[in-house]
Number of protein chains: 2
Amino acid sequence: MLVLASRSPQRRAILEQLGVQFTVEVADVEERVEGDPRDLVTANALLKARAAGGELVLGADTVVVLDGAVLGKPRDEAQARSFLEALSGQEHQVWSGLVVIDGGVERSAAAVTRVRFRALAESEVAWYLESGEWRSRAGGYAIQARGAALVEEIHGDFWTVVGLPVAELMRLCPSLVLARL
Amino acid sequence: MLVLASRSPQRRAILEQLGVQFTVEVADVEERVEGDPRDLVTANALLKARAAGGELVLGADTVVVLDGAVLGKPRDEAQARSFLEALSGQEHQVWSGLVVIDGGVERSAAAVTRVRFRALAESEVAWYLESGEWRSRAGGYAIQARGAALVEEIHGDFWTVVGLPVAELMRLCPSLVLARL
């Protein structure tokens, strides 16, 4: 049985959608918060996967990058507003890293998707903040929920933005998905 | 109250995700199946919206286009297989049209998203066909379900591929979404 080393309900939903059976095991790790985005998400995915333990473990990590700066989870509504206003009308990048540990063998991959926000009206920012959806979301939005209304277009794998790069997972470890119908 | 003139569970899910309240009213219409994709989806969305009736009605239509040919819903598993094999490793287009009728005033929009499939292994095609998910899906796949595993990347609005161009909806009729928090 696969162990998912992540608290994220979004990552659980993606695995369920693919028909993968799994359990969740999360250990507290000291995540890196600075550095090259590809290195950052790969290193954090590895930390999480190693900390969870198990024969077959999947770790993942996601960051939102605007003009070279990593936007974490907003600490309050004021910061969420400043994130949304900075993202409005602009293109940013979402990086997701993926680590599979299978019988002690560690394999990793990472992917980036470009996301362009619509030019948001003040009423739209207010609507989104009022929903409370910005809480606990890297960059302050959730593309697979109300945040869909904020986005003009993406270029890349949609699931990388949600939190798990599915195309990379299929390349790295197809049997993890295909075996479980 | 908004009337959604569509049977599609995917379109219902998108409106629910956005927090929009609505009812569903569907009348049988003779949909167009040939012509320029933009004209086709706009005309069909309009047919559905007019047939449903109501003060505030939303109609939508989606087609999958590969090399200029519209791929409809596969009639059987053999045709679903031939669609998947044709889409494998290639880029195709998904067009979605949108019509809002508000107090007799008809407004329409359409959007296209480019979707590139991974080069599918025979085992992946077999896995997908076995899931039965190809049934009743334009082009024979559902990007928001197991079909996520088939897609390499997209360029455009993800929700256009699922069946409702959300960015266009926000441009055409933002109050429909913003008013309903």
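Any value given below was found using the heavy atoms of this structure, including those in side chains, with hydrogens, waters and symmetry copies removed. Note on naming: letters A, B, ... go to the chains in the order of the sequence lines (proteins, then strands), and numbering restarts at 1 for each one.
- Note on V63(B) and L47(B): separate hydrophobic clusters, where clusters join Ile, Leu, Val, Met, Phe, Trp and Tyr whose side-chain heavy atoms are under 4.5 Å apart, directly or indirectly.
- In terms of modelled atom types and a separation under 3.5 Å, the side chain of Q17(B) and the main chain of A145(A) share a donor-acceptor contact.
- D76(A) CG: more than 12 foreign heavy atoms inside a 6.0 Å radius.
- Chain B forms more heavy-atom pairs under 4.5 Å with one residue of R114(A), R118(A), E16(A) than with any other, namely R118(A).
- Counted within 6.0 Å of CD on E122(B), heavy atoms from surrounding residues, nucleotides or ligands total more than 12; the atom is thus considered enclosed.
- The two residues R146(B) and G19(A) make their nearest non-hydrogen contact at NH2-CA, 3.5 Å.
- In this structure, W159(B) and F158(A) have perpendicular ring planes: the angle between them is above 60°, well past the 30° mark.
- Here the closest non-hydrogen pair linking E124(B) and P174(A) is OE2-CB, 4.5 Å.
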Can you list the steps and then say if Q144(B) with Q144(A) is a side-chain contact (heavy atoms from CB on, under 4.5 Å)?
CA-CA 10 Å; Q144(B) 79 289 355; Q144(A) 78 290 357; over 6 Å; no

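- The cluster map of Ile, Leu, Val, Met, Phe, Trp and Tyr, joined by side-chain heavy atoms under 4.5 Å apart, puts V65(A) and L98(A) in different clusters.
- Of the listed residues (I143(B), V166(B), I154(B)), the one with the most heavy-atom contacts under 4.5 Å to chain A is I154(B).
- The number of heavy-atom neighbours closer than 6.0 Å to CG of D28(A), taken from other residues, nucleotides and ligands shown, is 12 or below.
- Interface residue V151(B): only backbone heavy atoms are found under 4.5 Å from chain A.
- In the hydrophobic clustering of ILVMFWY residues, with side-chain heavy atoms under 4.5 Å counting as a link, I14(B) and V99(B) come out apart.
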Under the side-chain contact (heavy atoms from CB on, under 4.5 Å) criterion, do V177(A) and W127(B) qualify, and how do the steps go?
CA-CA 9 Å; V177(A) 173; W127(B) 167 81; 3.6 Å; yes

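- Surrounding CD of E55(A) are at most 12 heavy atoms belonging to other residues, nucleotides or ligands under 6.0 Å away.
- We find the CG-CZ distance between D157(A) and R116(B) to be 11.0 Å, quoted to the nearest 0.5 Å.
- The NE2 atom of H155(A) lies 11.5 Å from the OG1 atom of T113(B); values are rounded to the nearest 0.5 Å.
- Placement of L164(B) and V24(B) within a single hydrophobic cluster is found when ILVMFWY residues are connected by side-chain heavy-atom separations under 4.5 Å, directly or transitively.
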Intermediate values then yes/no, salt bridge (Lys or Arg N to Asp or Glu O under 4.0 Å), R171(B) and E152(A)
CA-CA 10 Å; R171(B) 246 188 300 277; E152(A) 179 69 44; 3.0 Å; yes

